[in-house]
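Here is the structure we will look at.
So that the names make sense, note that chain A is the first sequence line, chain B the second, and so on, each numbered from 1. Note that this is a predicted model, so its numbers are computed, not measured.
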Amino acid sequence: MTPEQLSQTIVDALSALVDRRELALTGGIPPEVRVERPKSKDHGDYATNIALQLARPAGLAPRDLAELLASELKASPAVASVEIAGPGFINITVDTAAQGEVARSIVEAGASYGASDALTGKRINLEFVSSNPTGPVHIGGARWAPVGDSLARIFSALGAEVSREYYFNDHGAQIDRFSRSLLAVARGQAPPEDGYVGDYVGEIAAKVVATEPHVLSLPDGEAQEVFRRVGVELMFAQIKQTLHSFGVDFDVFFHEQSLYDSGAIERAVARLTEMGNTYEADGALWLATKRYGDEKDRVLVRSSGAPAYIAGDCAYYLDKRERGFDLCVIMLGADHHGYVGRLMAMCQAFGDKPHENLEILIGQMVSLVRDGTPVRMAKRAGAVIFIDDLIEAIGVDGARYALVRYSSDSNVEIDIDVWTRASSDNPVYYVQYAHARLASILRNATQLGVVSVPDDFDPRLLSHDREGDLLRALAEFPRIVQTAAELREPHRLARYLEATASTFHKFYDNCRVLPHGSEEPADIHRARLLLVEATKIVVARGLGLLGVSAPERM
RNA sequence: GCGCUCGUAGCUCAGUGGAUAGAGCAACGGACUUCUAAUCCGUCGGUCGAAGGUUCGAAUCCUUCCGGGCGCGCCA
């Protein structure tokens with residue numbers, strides 16, 4: 001009995017009451033009834049507030065409606081008992097056998113447990129990180145790397161066709177500043193006033209000189225061009241390598257420059273003009289974003305004739321849509337929240353629907369603390385924390401998990417000491433340890449010759465409280481995945497895994513799975529082994545959706 | 001000044017209108033001859049920033065205020 005099945009049981013009960021004219025609902029029967037896990041054990045296995053919600057349309061007092069529904073629900077063999085509490089909550093206790101069936105169905109589903117076809121046929125473009133190629137990926141841009149990648153994995157599990165994309169801003173003045181900075185450092189001069197500083201500038205400059213030894217004898221203009229061409233290429237390579245080692249592989253690295261080379265910019269400008277959403281003023285071409293809710297209109301093509309930055313955004317968006325993506329999601333740091341209005345307006349200027357075709361997610365800032373003092377993050381202030389530093393300090397799994405376990409809505413402070421210190425402080429180990437324990441039990445079972453047979457499994461044997469807790473936790477998994485997708489919040493999955501790991505550890509402490517020493521394997525051992533298999537599937541699957549490894553041993 | 005966003009235990013954070021607001025860490029006290037003690041059990045810890053409002057019910061929705069972060073260019 002999963003929450004979804006119980007929801008259906010309640011809907012069926014409502015239908016039966018309506019069919020027999022014992023109940024009349026003005027708004028009809030709701031297609032879905034929400035079932036929750038009560039916080040208190042006194043409130044049963046599951047609870048629903050449906051009687052409170054339907055009291056008005058039914059023209060009944062909440063408790064009277066609850067009574068009516070309760071007596072109908074009691075007829076279901078999967079329901080052990082029903083109680084009405086408070087203003088009209090219906091608290092349901094599920095039959096042990098029905099509960100135990102969850103273990104069997106998970107093992108039978110295997111790695112596809114939690115997957116669905118909720119998003120089948122949907123094409124989703126996910127753009128994230130998109131850090132400028134003028135330096136390594138810093139921690140701010142890094143937040144979306146594991147979160148965006150995890151979202152991609154979750155959407156895929158629900159059947160969507162997903163593209164992970166990285167937009168390289170390799171066109172524009174910052175590239176000039178970068179190449180001038182490289183040149184200056186290579187010549188041992190002070191970097192330009194508006195240039196980039198940091199150890200990486202020197203490293204890249206040295207690599208350019210190693211590749212093109214003659215560069216230092218060239219005149220300024222030619223030398224800078226070499227630094228621009230080779231330096232940016234090296235930066236691309238380094239960024240890609242970093243992300244790859246972080247387990248984040250993009251399907252498309254999109255170069256802003258390509259939009260200029262292909263004429264895509266002009267086409268986008270022409271399209272926006274066709275739509276009647278541009279006008280000329282002060283010698284420039286403006287995009288009328290204000291009429292679509294932006295705070296003011298934006299320059300699309302400058303009076304010099306050069307397209308403004310937003311022209312690239314427009315062309316890139318148009319390109320994505322023309323490649324057939326129904327939904328484009330752009331993930332930005334809080335320092336870019338000011339772009340939301342203009343990007344949403346741009347979407348409408350193309351005749352698209354905001355929030356349906358374009359969605360923008362804003363992630364609050366991540367700050368790092370070391371020795372109790374904040375680590376500065378501004379890219380041009382030498383003391384920057386890069387994603388490479390974070391990986392080196394706490395490992396790929398730790399870094400991914402540390403960034404993905406918090407809501408993107410909240411400002412997060414990551415204490416490097418905590419995540420590098422004793423592993424028990426680290427939530428990722430807690431979950432991974434549960435997986436390693438599960439794997440260990442399965443190894444020992446093989447050695448002892450204990451085998452679980454899903455076809456010959458008695459679900460009633462899993463009657464211990466801790467077994468029930470674990471079964472209910474496992475049954476929640478598909479809904480957690482679904483919710484994480486709907487809300488674009490992978491952290492829910494991480495929190496779920498921590499809670500489920502805890503539930504498993506408690507089960508492990510109370511319920512011996514394998515026979516002791518000379519004891520003969522019995523049905524209870526085989527039943528619990530099946531539960532262990534089911535739990536391992538869920539934990540492995542959950543970690544997989546977060547892009548974190550599930551170790552067999554620790 | 002305008003705008004966006006956040007504010008929950010000593011710290012870091014959960015909580016998509018439900019019941020007595022939760023977890024980890026920190027502090028203190030327990031549990032290993034048995035499937036991994038990277039675990040488990042217990043104790044301690046709260047004016048959900050403040051005040052109003054909406055309703056059967058608000059940490060959650062609305063308004064105002066306070067505090068932190070960020071943004072407001074024919075830069076990218």
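- Following rounding to the nearest Å, Leu361(A) (CG) and C6(B) (P) show an atom-to-atom distance of 13 Å.
- Nucleotide C2(B) forms a pair with G71(B), judged by Watson-Crick or G-U wobble geometry with both contacts under 3.5 Å.
- Nucleic acid contact class of Val340(A) (heavy atoms, under 4.0 Å, all strands): none.
- We find the CD1-CG distance between Ile10(A) and Leu73(A) to be 5.5 Å, quoted to the nearest 0.5 Å.
- Taken residue by residue, residues 466-486 of chain A places heavy atoms nearer than 4.0 Å to RNA chain B at Thr483(A).
- Distance from the side chain of Asp42(A) is smallest for U20(B) among the nucleotides U20(B), U39(B), C35(B).
- Between Glu489(A) and Asp409(A) there is a side-chain heavy-atom pair separated by less than 4.5 Å.
- Rounded to whole angstrom, the span from the CE atom of Met554(A) across to the C1' atom of U39(B) amounts to 12 Å.
- Remark: Ser410(A) is in phosphate contact with A14(B), judged by side-chain N or O atoms under 4.0 Å from OP1 or OP2.
- Aromatic ring centroids of His464(A) and Phe507(A) lie 6.0 Å or more apart.
- A9(B) and G45(B) have their C1' atoms separated by 6 Å, with the value rounded to a whole Å.
- Residue Arg492(A) has its side chain nearest to U16(B) when only U36(B), U16(B), U20(B) are considered.
- Using a 4.0 Å cut-off, no side-chain N or O of Arg443(A) falls inside it from OP1 or OP2 of U36(B).
- Here Glu552(A) lies in heavy-atom contact (under 4.0 Å) with a base.
- When each of Tyr508(A) and Val412(A) is assigned the nucleotide of RNA chain B with its nearest heavy atom, Val412(A) is the one assigned upstream, toward the 5' end.
- Tyr406(A) comes within contact range of the sugar-phosphate backbone alone, with a heavy-atom separation under 4.0 Å but no base atom that close.
- At whole-Å resolution of the value, CZ in Phe507(A) and P in C35(B) are 15 Å apart.
- Counting heavy atoms from C-beta on, the side chains of Phe504(A) and Arg437(A) come closer than 4.5 Å.
- As judged by a 4.0 angstrom heavy-atom cut-off over every strand, Ala55(A) is placed among residues making no nucleic acid contact.
- Using a 4.0 Å heavy-atom cutoff across all strands shown, Ala85(A) reaches at least one base atom of the nucleic acid.
- Other residues, nucleotides and ligands contribute over 12 non-hydrogen atoms within 6.0 Å of the CD atom of Gln257(A).
- In this structure, Arg56(A) places its CZ atom where only 12 or fewer heavy-atom neighbours from other residues, nucleotides or ligands lie under 6.0 Å away.
- Counting any heavy atom pair closer than 4.0 Å across all strands shown, His516(A) reaches a base atom.
- Place Ala501(A) and Arg553(A) on RNA chain B by their nearest nucleotides, and Arg553(A) ends up nearer the 5' end.
- Between Phe253(A) and Phe236(A), the gap from one ring centroid to the other reaches at least 6.0 Å.
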Using a 4.0 Å heavy-atom cut-off, write out nucleotides 66-76 of chain B from 5' to 3' as B (base contacted by protein), S (sugar-phosphate only) or - (no contact). --B-BSSSBBB

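- Note on Asp294(A): nothing from the nucleic acid sits closer than 4.0 angstrom, heavy atoms only.
- Here His43(A) packs flat against the base of A19(B); its ring centre is closer than 5.5 angstrom to the base's six-membered ring, tilted by less than 30 degrees.
- Using bins of under 30°, 30° to 60° and over 60° for the plane-to-plane angle, the ring pair Tyr260(A)/His171(A) lands in the parallel bin.
- Ser440(A) comes within 4.0 angstrom of a base, heavy atoms only.
- The residue Arg405(A) sits apart from the nucleic acid: no heavy atom pair falls under 4.0 Å.
- The partner of G57(B) is absent, by the rule that a Watson-Crick or G-U pair needs both atom distances under 3.5 Å.
- For Glu36(A), the listed nucleotide lying nearest its side chain is G18(B); candidates were G18(B), U39(B), U36(B).
- Side chain to side chain, Glu498(A) and Tyr401(A) meet the donor-acceptor criterion of an N or O pair below 3.5 Å.
- The aromatic ring of Phe89(A) sits over the base of A19(B), with ring centres less than 5.5 Å apart and planes tilted by under 30°.
- Contact between the side-chain N/O atoms of Tyr429(A) and the OP1/OP2 oxygens of C25(B) is not found at any separation under 4.0 Å.
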Listed pairs, N/O of protein and of nucleotides 55-60 of chain B, under 3.5 Å:
unit_1: C56(B); atom_1: OP1; unit_2: Arg56(A); atom_2: NH2; d: 3.4

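- The line from CG of Asn169(A) to CD of Glu256(A) is 5.0 Å long, rounded to the nearest 0.5 Å.
- Using N1 to N3 plus N6-O4 or O6-N4 for Watson-Crick, or N1-O2 and O6-N3 for G-U wobble, each under 3.5 Å, G52(B) pairs with C62(B).
- Taking the six-membered ring where the residue is Trp, Phe168(A) and Tyr166(A) present tilted rings, their angle falling between 30° and 60°.
- Note that OH of Tyr406(A) is 12.5 Å distant from OG of Ser408(A), once rounded to the nearest 0.5 Å.
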Run Asp469(A) and Lys506(A) through salt bridge (charged side-chain N to carboxylate O under 4.0 Å, His left out) and show every step you take. CA-CA 9 Å; Asp469(A) 291 341; Lys506(A) 290 177 185 20; over 6 Å; no

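- Using N1 to N3 plus N6-O4 or O6-N4 for Watson-Crick, or N1-O2 and O6-N3 for G-U wobble, each under 3.5 Å, A19(B) pairs with nothing.
- Of all nucleotides present, only A31(B) satisfies the Watson-Crick or G-U wobble test against U39(B), with each distance under 3.5 Å.
- Under the Watson-Crick or G-U wobble criterion, with both distances below 3.5 Å, G10(B) is paired with C25(B).
- Heavy atoms of Arg512(A) sit under 4.0 angstrom from at least one base atom.
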